Protein chains: 2
Amino acid sequence: MSEHLSRVGTNGNRKPSATIYDIARELDLSPSTVSRALNKPGRVAAKTEQRIRDAAAKLGYRGNPMARSLPTGRTRMLGLVVSDVTNPVFFRLVRGAEQACGELGYTLVLAESQESGEVEYGTLDRLLPAVDGVVLAAARLEDDQIRQIAASKDVVLINRRVGELPAIVPDIDGGVAQAIDHLATLGHTSIAYLAGPATSWMSRERGERLFEHAVARGLTFVEIGPTSPDLGGGQSALRRVQASGVTAVLAYNDLMAIGLLRACRAEGIDVPGDLNIMGFDDIFGADLTTPALTTVRSPLDRAGDAAVRSLVATFDGSEPAAPDPLPTEIVVRESTAAPH
Amino acid sequence: MSEHLSRVGTNGNRKPSATIYDIARELDLSPSTVSRALNKPGRVAAKTEQRIRDAAAKLGYRGNPMARSLPTGRTRMLGLVVSDVTNPVFFRLVRGAEQACGELGYTLVLAESQESGEVEYGTLDRLLPAVDGVVLAAARLEDDQIRQIAASKDVVLINRRVGELPAIVPDIDGGVAQAIDHLATLGHTSIAYLAGPATSWMSRERGERLFEHAVARGLTFVEIGPTSPDLGGGQSALRRVQASGVTAVLAYNDLMAIGLLRACRAEGIDVPGDLNIMGFDDIFGADLTTPALTTVRSPLDRAGDAAVRSLVATFDGSEPAAPDPLPTEIVVRESTAAPH
DNA sequence: TCACTCGTGGCAATCGGTTGCGATGTGGAA
DNA sequence: TTCCACATCGCAACCGATTGCCACGAGTGA
């Protein structure tokens with residue numbers, strides 16, 4: 001066919017996969033008929049369609065997604081951007097998204113922003129042209145940057161709100177209320193919030209809600225941080241926590257809570273005897289620590305699933321069905337108890 | 001331009017992004033010149049190239065990966081298939097792969113096979129046409145299926161060997177030797193291996209190596225399983241372990257080891273007093289358990305990185321540089337000790 | 001028997017880039 | 001001044017699939 005355009009791919013010696021042209025030639029039909037037979041049900045005679053399907057199967061036809069996406073403008077690929085792939089918080093989220101993609105016939109492209117808004121923006125720059133839409137989980141971007149992205153592609157946010165953009169956010173307030181109630185009931189009167197990164201919407205939000213509920217219950221409340229939302233961040237915050245004189249700490253996430261727990265053990269501070277520690281999310285491992293971590297669970301797998309479905313629904317024109325609320329709930333384990 | 005082909009995408013009201021044709025028109029040049037200026041360094045006059053770059057920046061040109069991949073046959077996308085995204089083993093692997101992809105200008109497509117060879121094969125069917133190559137991590141496929149895939153795309157295996165196909169496999173033997181040595185030195189004389197899925201090459205391999213080293217040291221050795229490679233698998237194996245009468249168990253992976261640990265705690269069995277437990281991989285959380293888990297660490301992040309680089313090297317024609325060996329090493333914590 | 005409708009399938013343009021080859025123009029050497 | 005070489009850029013085919021419009025033929029009603 002091509003005389004002067006030699007395939008440059010490094011695909012080497014592999015045989016190129018069959019195209020609709022191959023099928024058409026085999027059956028002495030036109031490529032357009034083949035195309036229609038394969039994805040416009042009823043458009044061609046049933047008998048012809050069957051012949052085409054048989055030939056396709058025989059030739060091992062697989063379709064070329066790139067070629068298809070050129071005229072249609074749709075790639076059937078979705079981007080998922082998380083701030084840190086090694087953070088267990090995201091595992092369930094990724095799985096939820098991945099499974100939903102699979103069911104809906106989409107392909108998931110994963111990207112990591114390494115807790116940096118800049119990296120995230122650069123990554124998105126590369127990602128955007130290739131996908132039909134993006135799920136931004138725990139984005140470290142400025143509101144404006146997110147709006148800008150939303151201007152060129154459909155976007156669904158997880159754990160963040162920016163204006164009216166579609167967002168999947170679990171019911172923060174419910175879990176926070178339960179947490180404060182739990183601590184107040186145990187008899188604590190002064191609590192601290194160990195904040196995550198300043199760029200994290202969710203960290204600010206949890207802090208706000210905690211603050212409100214704490215003062216509503218007449219508790220003393222202080223905020224410590226911001227710090228990095230990982231083990232190290234929790235670990236390094238111990239001295240500030242001690243200095244604050246509180247009897248209970250809520251960390252922005254479980255990773256930080258576990259880090260703090262470790263620091264306590266290293267310093268010989270008894271948890272929950274001397275200090276109560278709570279986290280958020282109920283990640284894998286939260287029940288493995290000693291003492292096991294009391295935490296506020298959020299259904300991230302369902303969030304991932306919901307985000308993808310909402311995105312795909314937008315593509316199909318239908319306004320996404322109002323996603324059912326994602327309740328958060330406290331999981332009481334061993335790191336909380338009544339203060340002396 | 002198009003009179004009778006109305007864009008079907010649901011991209012709605014968004015403005016289409018600029019193309020090389022827009023740039024060409026703006027500068028009164030030909031699209032081919034624009035194309036060359038943008039990716040054939042030196043092929044067009046420096047002054048022209050600069051004008052083109054300026055115009056591209058001004059118009060916010062982003063290139064269309066689909067359009068580019070059509071003539072070249074290369075998508076600059078890599079597939080990564082893992083058996084279970086929520087298994088912490090893979091987190092570091094995914095990160096390693098993701099970062100390497102980023103550096104090399106590739107996009108990572110993540111897929112999960114849910115521990116099922118069938119699902120994996122189906123997933124790959126959808127994935128293959130879209131990527132330049134695939135990294136198969138802990139594949140649950142038959143050797144033949146893998147060979148078949150390798151016939152159409154470049155493949156790199158992680159934690160598995162199939163014939164001469166490129167594979168990144170950590171030095172299993174070294175870690176196993178250390179593990180057996182550790183237990184033997186402590187005074188254990190009978191040990192068990194708790195196997196993972198029968199379809200897991202790595203599980204069989206670890207079992208084999210353990211067997212060899214155990215008999216070489218004159219230890220009694222039994223194998224239990226196969227079971228699912230997760231918490232549940234470990235948990236449900238406790239009775240078989242007890243029945244075997246061994247004083248030390250090595251589980252196929254940390255998840256199973258932790259599951260077994262939990263079952264022990266529930267049954268009031270003291271670890272390491274009554275039973276020693278070891279795992280493999282040193283996943284996140286292995287040091288959080290009580291007692292903290294002794295395990296054989298394997299550098300999965302480096303494996304992910306190496307796999308991607310090796311894949312990309314093949315594309316560029318150059319035979320992949322022999323990857324440096326990935327040593328495994330025992331991490332002694334609290335779940336092993338001398339038997340009574 | 002004639003005309004009209006409807007079911008089928010083909011034609012050809014198009015998506016956005018890439019690239020072999022040829023056309024053009026400039027500069028330098030003879 | 002003439003000729004030639006080389007640097008630059010344009011032409012046009014092509015990657016594989018989609019789709020609006022049209023042509024053809026068979027079946028139906030008048």
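The structure presented is a predicted model; accordingly, all values stated were derived computationally and were not measured. Proteins get letters first, then strands, A, B, ... in listed order; numbering begins at 1 in each.
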**Q.** Between P of D:dT18 and OH of A:Y21, the distance in whole Å
**A.** 10 Å
(Q) Between A:P65 and B:S32, which residue's closest nucleotide on DNA chain D lies nearer the 5′ terminus? (A) B:S32
Q. What's the CG-C1' distance between A:N39 and D:dT18, to the nearest Å?
A. 8 Å
Q | Any donor-acceptor N/O pair under 3.5 Å between D:dG16 base and A:R62 side chain | A | no
Q. Does the side chain of A:R68 get closer than 4.0 angstrom to OP1 or OP2 of D:dG16 through an N or O atom?
A. no
Q.
Quiz question: going by heavy-atom distance under 3.5 Å, is there a donor-acceptor pair between the base of D:dG10 and the side chain of B:R36?
A. yes
Q. Using 4.0 Å as the upper bound for N to carboxylate O, is an ion pair formed by A:R43 and A:E49?
A. no
Q | Whole-Å gap separating P (C:dG10) and CD1 (A:I20) | A | 12 Å
Q: Measure the distance from CE on B:M66 to P on D:dT18 and round it to the nearest whole Å.
A: 15 Å
Q) Under 4.0 Å: is that the gap between some side-chain N or O of A:S30 and OP1 or OP2 of C:dG10? A) yes
Q | Whole-Å gap separating C1' (D:dG10) and CG (B:D28) | A | 12 Å
**Q.** Whether over 12 other heavy atoms sit under 6.0 Å from B:E103 CD
**A.** yes
(Q) Just the rounded figure in Å: distance from P of C:dG20 to NZ of B:K40. (A) 8 Å
Q) Of the nucleotides D:dG16, C:dT18, C:dG10, which one has an atom closest to the side chain of A:L70? A) D:dG16
Q. Does CD belonging to A:E142 count more than 12 external heavy atoms closer than 6.0 Å?
A. no
**Q.** Separation of atom CZ in B:R25 from atom P in C:dG17, rounded to whole Å
**A.** 12 Å
Q: When you get a sec, tell me which of D:dA17, D:dT18, C:dG17 is the closest nucleotide to the side chain of A:N64?
A: D:dA17
Q: Compute whether any side-chain donor of one residue and acceptor of the other, for A:T314 and A:D154, lie under 3.5 angstrom apart.
A: no
Q: Using a strict 4.0 Å threshold on nitrogen-to-oxygen distance, state whether B:R51 and B:D54 make a salt bridge.
A: no
Q. Which residues, if any, of residues 41-55 of chain B bring a heavy atom under 4.0 Å of DNA chain D?
A. B:R43, B:V44, B:A45, B:T48
Q. Considering the options A:V109, A:T107, A:V308, which one meets the side chain to side chain contact (heavy atoms under 4.5 Å, CB included) requirement together with A:C101?
A. A:V308
Q) Does the side chain of A:S35 get closer than 4.0 angstrom to OP1 or OP2 of D:dT18 through an N or O atom? A) yes
Q: Specify the separation, in whole Å, of atom CD1 of A:I23 and atom P of D:dT18.
A: 11 Å
Q: Tell me yes or no: between the side chains of B:Y106 and B:E98, is some donor less than 3.5 Å from an acceptor?
A: no
